Every structure is written in C-alpha cells, then in structure tokens.
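The structure appears right after this line, and notes come after that.
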There are 2 protein chains.
Amino acid sequence: MNLKELAHHLNLSQTTVSRALNGYPEVKKTTRLRVEAAAREFNYTPNARAKGLATGRSMSIGHVIPTSAKREMVNPVFGDFITGASEAYVQAGYDLVLTLVEDGKEERLYRNIRDKGNVDGIIVHSPRMQDSRIALLSDLGLPFVVHGRASDITADYSWVDMNSRRAFSRATAFLIELGHRRIALVNGLEFMDFAFRRRDGYLSALAAQAITPDPALMRAGEMTELLGHQSARDMLDLADPPTAFLTSSMVTAIGVRRAIQEAGLEMGRDVSVITHDDELSYLKNGQDVPLFTATRSSVRAAGRRAADMLLQMIADKDCGPLHSLLEAELILGNSTGPAPAADIKTPYRQERT
Amino acid sequence: MNLKELAHHLNLSQTTVSRALNGYPEVKKTTRLRVEAAAREFNYTPNARAKGLATGRSMSIGHVIPTSAKREMVNPVFGDFITGASEAYVQAGYDLVLTLVEDGKEERLYRNIRDKGNVDGIIVHSPRMQDSRIALLSDLGLPFVVHGRASDITADYSWVDMNSRRAFSRATAFLIELGHRRIALVNGLEFMDFAFRRRDGYLSALAAQAITPDPALMRAGEMTELLGHQSARDMLDLADPPTAFLTSSMVTAIGVRRAIQEAGLEMGRDVSVITHDDELSYLKNGQDVPLFTATRSSVRAAGRRAADMLLQMIADKDCGPLHSLLEAELILGNSTGPAPAADIKTPYRQERT
DNA sequence: GACTCATCTCAAAGCGCTTTGGACATTTGC
DNA sequence: GCAAATGTCCAAAGCGCTTTGAGATGAGTC
C-alpha cells in the first residue's frame, strides 16, 4: 500500500493524506482521523527512500568504526555503545547504519558517505591522538560526534568522552595512599587517544607524590586477556616487582589476575589491581562486592549521550559543537589492599576528590 | 555534483552518463572513458536514495538483534559476526543497517522494515527454539538468513549455524574418555536454540556411555563470568562434585576457572574444563598452547558466510533456501586432563569423529 | 449581496536517479 | 544500391513521497 493507493481509497488527494499523516494543521480533524484510521488499517508505512528523496533527509545515522587488517579486533565496547545509541534512535525514528572501514581508506569513504546521502550524521569511533577524520568531516559539512577526543586537534568539534585522565589519576593516587610505590600500568594502544590520557593521568598522580615512573612497569597493547597475563607475568618476574596494577579494561584485568595466581600470589592481599570498567553487559564486575576495584563509566550511557547530541545537532544546525565529559566513579572492590608490609612507607596523605 | 550537472558539463544526456557509469553496452568506448574521467574528477557519487527509488533496491542489509528490557545484554559475539558480514557487504557495495528490537515488538518492526523498504534483506540473530520471526519473515517475502536455527520450526528457511550438538557431544565424549564421570554443563539460556542443541549433544554423549545426567550439574543462564563462577562454586561444594566442566563461552569459562582456583584446586589437573570458543577477536584463547581445551568455530566466519548467502539470495530470488552447517574443531589446551585418580574408572573406548 | 477571511483540499512540480521507446547515423547483407 | 541491422545517443516517464501555489467552499462582515 503506497500513498497514492491510500489516497485513492480515501477519495482524497495525496497531498491531504500526506499532510494528515505528518501533522500539518491545514487538515480538518475528522479528515485526519479518517486518514489515520485507514493508514492503520492497511498498515501503511511510507517508503523511506522516497520520503528521503523528497525531504532531503535520510533519517539514519552512520557509525563508522575503524578496523585494520593487522590488528583486526572489533572493540568489544562497541556493542554496548550501540545499544545506548539505539535507544535514542528508536525514539527519534532514526536508523543506524554501520560501516567498518580499514585504516587509511577513510577519506574516500567519508566523502562517499556524504555524497551517497544515506546518513544525516555520523558517530566517529576510536579517535587517535591526531585524527585526520575530524578535519575531514568538518570540511564535509556532515554533522558528527566523536566518541572520545583527539588530543592533538585544536579545532572545536563535538565529542562525548570519559574523563580518562582524572579517572586514572584518582586510581593511581588511591594506590599510592594504600602504600604502593611500584605501580604498573597495563594500557591500551597509546596512539589511541583514551589510552594516552590514561597514561597521562597515571603519570601525573605519580609525579604528585614524586614517584619516578619506571618504564619497566608500563605496557601498552590491544586490550586482551593475553596482554594482561603476559605483562603481569613479566613484571612479577622482575627483581623489583610491582605491588599494584592499573589496567585499562576488565578483560586485561582478568589476564593480570591469572598471572598473579600463577605466581602463587593473592590478588587484593599480595598484589592490588584496579581496572577500568566500561560496565559491559556481559562482563559485570562481580555483584554485591565488585571483584575488581575499578574506575567505572558506562559506555552504554556514553552511546546514548552521543546519539542525543548528534540528533540535536541535526535538528538545529546552528547549535554549535557540543561536548560532554563523563566522570568515572571509583568503586571499591576486593582487588585492592594496603601494600605488603615490606614495601610500606608512610604515604603523604592526599585528599581524594 | 549530481547526475544532471555532470551530464550538462559533459554535453551529454543523463541517460548516456548513467549508462556509461553503470556499464551498459550502448555507449561508445571513448564516451564512456570521458564520462568516467569526469566522474572521478568531480568526485561524483550517485545519491543512494534516488538510486534506490529508481531501482527499487536499497543496497543495504538489515541486521535485527533482539534485546529485552530484562536481560539487557548485547551478545558479545555480535561485533565479530558483523565484522565478518561487513567484508561481504563492502565487496558487494552494500550497507549494513542495524536495528535493536525489544522482545515482543518484533512483528510490527519487521513489517515496518519491509514497507519502509530500506533494506533488501535481513539477517536474523539469536533464534529461539520456536521463533515466530521465521514464519513472519517468510510471509513478508523479504529474503532473510538466520544465524542459528529454530529447532521447533519445520518449514524450510535459510540459515548458517554451527553444529552445536556435535561439538558438545564430542567434547563430552572426550571428557568421558579421560575418565570423567561427573561432568557439569554451564550453558547459555536454554530457550535459545544453540543452547538447547548444546545440552542435547552433552546428554547424548552421556547416554552413549550410560551415564545418568545429574540435574545438579546442569546450569543455564546469561553467559557471563558470574554465571560461570557461581555455578562452579556451588557445584564444587557438592558432596559429589564434578571433575569436569563444559561451558558455553570463554567468558563463562573464565568464571569457572576463578571458582576452581578459589576452591584451591588446579584447572587441568584437579578439574578439567572445556569451553566453546567463538574466536572473538578480543578474547583469544591463549597463544601457542590454548588456555582452554575448546570446541572452536569462528563466529566471524559465520558472519561472512551468512552475508554471502543472503547476497546470493537477493541476486537470485529463486535460489531457494540455503543452509550452511559449520563444524567446530576440538582443540586441545591446558585445561583438561585425566580424571583424578579416585574417580578413574576404565572408560569404554569410543571412536571420536 | 458583495466582500473578505479561514478552512480545507488539490494539481503539479520536484527530489536524483534508471529505464523505456524512439531518433538518427552508420554498417552490413544481399 | 536498398533494406535491414547495428551503434550511439536522447527525451521523457516513472519510482513514492513532500511541498508549493492556488482553487473551492462556507462563514462572517459591511
């Protein structure tokens, strides 16, 4: 059933039916009700392509996620982010179109996306520190929101991000307060902006207590279980091993825990661990008492926020770049405790904020 | 730059330009080259909505994934599946549109999707044992491929699935061969078809050796780390605890491992574990020697396969329902070993296939 | 009764593309 | 040499919708 048929059936013009359905005022109330009833009865749904062609809007949002042939990992965070964003899209009647793109082929792709015209806006995932996509998209004139930021970019653009620096600096300060001095960082790939910020937070907290960072205690890589395991195993083997670990993801933390156990140590007593917890739906951090002490920020909420922002920008072209900085909570779990006796030095008491 | 402008610029009609670009034969070679050069020069990309309207095809595929307000978990397998499917779509010039739908609202949604006309086909995720979506989609006349099967549906439809029953029956048989008799199953939700099949495989292997299944050793739930942990903890507490676990996902297996360690036991020596490994990109099962003995089947490959099938069905309406059954490998890792001495009974030797 | 307003409705243009049904020129077949 | 076939191009219709500009209709005003 299309508009023409529906109109004919109702003995009305397409114009009137269209207006009735789209809430225009110049339609008599009784007519409108009659039209709506018929539309329901015949299960009429306007053809999206035709509607899009006529209105110039596609009612869908593009999510572009980068992949690379080498590190061919799909960020596990993605599913939850999408779930959050979807809530907003469903409410607003938007669709979500997903595009995976190999590193490097991005310029052509974004241009294509714009010219094809099948999305009204874009969500950019996984920004690097300097990310050419941002300038490109600004040029293209397609509304976009970045999930994360790009530290090296000075131009203004819209983003939603977690305060990674603050979260990791708080976590580090907390470990220091517990008496830890040898604190290891198992980070994500540090050309990714979020990972860079996390390290920055970690270093700043060390510096605040005049602790010299030890390169041997810093590792970065794809945030897999293996990375956590290997890093922790190697570090625990050092002559002067760490008494605490800070990791960038739950999966990595699980690897760290494995290495700790294999070393015959107990997490939370012999070695402390703090991880970042994205609140992924399939990786809950314990139930009553969290398994891991963690900096926690829901990536699903971030997705929701980003989508809301983008929709707002589409509705109001001039609302200018929007920003949203989400603060992570520091939640206490069973994986942290005072530094083992041998290592305890009275820490400078520090106000936690 | 649109077709009209491009045509005008070239002093040609839209017809000719369109034909030149779409490879129709009735265009002189030199004209075609001239057109192609200009298209490249001006970065011409046809508008997808207009093209879709004219051709009646949208050049995109819908992925519909069910969520429920209650168990609001996004299947972590999803990211990898999509990655596989994307490979096919990119090659064929298709887009992927993603829709999350709450349980129950599906009928209306699928009908809408068809009438909106913004996808040419659908991939159905996470089928239940009896799944109304399949009959519905058949009625709607929209090509679709199911990732998984629905045991209670007799009608023919297209699917890609892993041979869950065989995989779990082999895994169970292998454990029996190692001397295990008390074998626990920590499964996914059993109204999900794949989980049902896995239990079926498990039970059949037990039955083949005349081992009576013990309800106390069977658990099902969302495949989280917590499920694995709680199930294993409870079971290891039994008077007659299991000596081996079969779990439906890596994440769950990690929870089982945790419980084993907390019980002061060693995985692979005191207690054996076999898990199913979807080869998720962020959850590699060890490196040289796998951490877990596992039934392994790449969900990414399944995605690729499903997408290829769907594209074929779209290209050739009459190619009829297609099926693809993927066999899982049984790979040996460090998590299995002979049943502890006390429990060893000489097993009937069984041919593994 | 002639006038203006509202109110309601419609025909038709247009969104950017494909595709049908020729038109015209050039070859080919006999 | 002429009809038929072929090669190359175009004008125009149509995909299903929205939206413009204007035409009816009836109520209110002088």
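Only a predicted model underlies this, so the values are computations on that prediction, with no experimental measurement involved.
Atom NE2 in B:H8 sits roughly 16 Å away from atom P in C:dG16 (whole-Å rounding). We find that NZ of B:K28 is positioned 9 Å from C1' of D:dC9, with the value rounded to whole Å. Across the protein-nucleic acid pair, B:R57 atom CZ and C:dC17 atom C1' stand 14 Å apart, rounded to whole Å. In this structure, B:N11 places its CG atom 16 Å from C1' of D:dT8, rounding to the nearest Å. We find that CG of B:L21 is positioned 8 Å from P of C:dT18, with the value rounded to whole Å. Atom CZ in B:R32 sits roughly 10 Å away from atom P in D:dT8 (whole-Å rounding). If you measure from atom CG of A:L6 to atom P of D:dT18, you get 11 Å, rounded to the nearest angstrom. Atom NZ in A:K51 sits about 19 Å away from atom P in C:dC15, given to the nearest Å.
With hydrogens and angles ignored, no donor-acceptor pair closer than 3.5 Å exists between the side chain of A:T15 and the base of D:dT20.
The only member of A:F144, A:F78, A:F194 that meets ring pair (Phe, Tyr, Trp, His ring centres under 6.0 Å) when paired with A:H125 is A:F78.
Comparing B:S13 and B:L53 along DNA chain D, the residue whose closest nucleotide (by nearest heavy atom) sits nearer the 5' end is B:S13. Between B:L3 and B:R19, the residue whose closest nucleotide on DNA chain C is further toward the 5' end is B:L3. When each of A:T31 and B:A54 is assigned the nucleotide of DNA chain C bearing its nearest heavy atom, the one mapping closer to the 5' terminus is A:T31.
Here A:D115 lies out of heavy-atom contact (under 4.0 Å) with every strand. Residue contacts for A:T55: at a heavy-atom cut-off of 4.0 Å it reaches the sugar-phosphate backbone alone, with no base atom in range. Heavy atoms of A:S18 sit under 4.0 angstrom from at least one base atom.
At the phosphate of C:dC15, neither OP1 nor OP2 sits under 4.0 Å from any side-chain N or O atom of B:N47. At D:dT19, one or more side-chain N or O atoms of A:Y24 fall inside 4.0 Å of OP1 or OP2 (strictly under the cut-off).
Side-chain proximity of A:A50 to the nucleotides D:dT8, D:dC10, D:dC17 is greatest for D:dC17.
Taking the charged nitrogens against the carboxylate oxygens, A:E36 and A:R40 have no contact shorter than 4.0 Å, which rules out a salt bridge. A salt bridge between B:K116 and A:D95 is present, with a side-chain N of the basic residue lying under 4.0 Å from a carboxylate O of the acidic one.
Note: A:Y89 and A:H63 meet the aromatic proximity criterion, with ring centroids under 6.0 Å apart.
In this structure the side chain of A:R304 never reaches within 4.5 angstrom of the side chain of A:F81, judged on heavy atoms.
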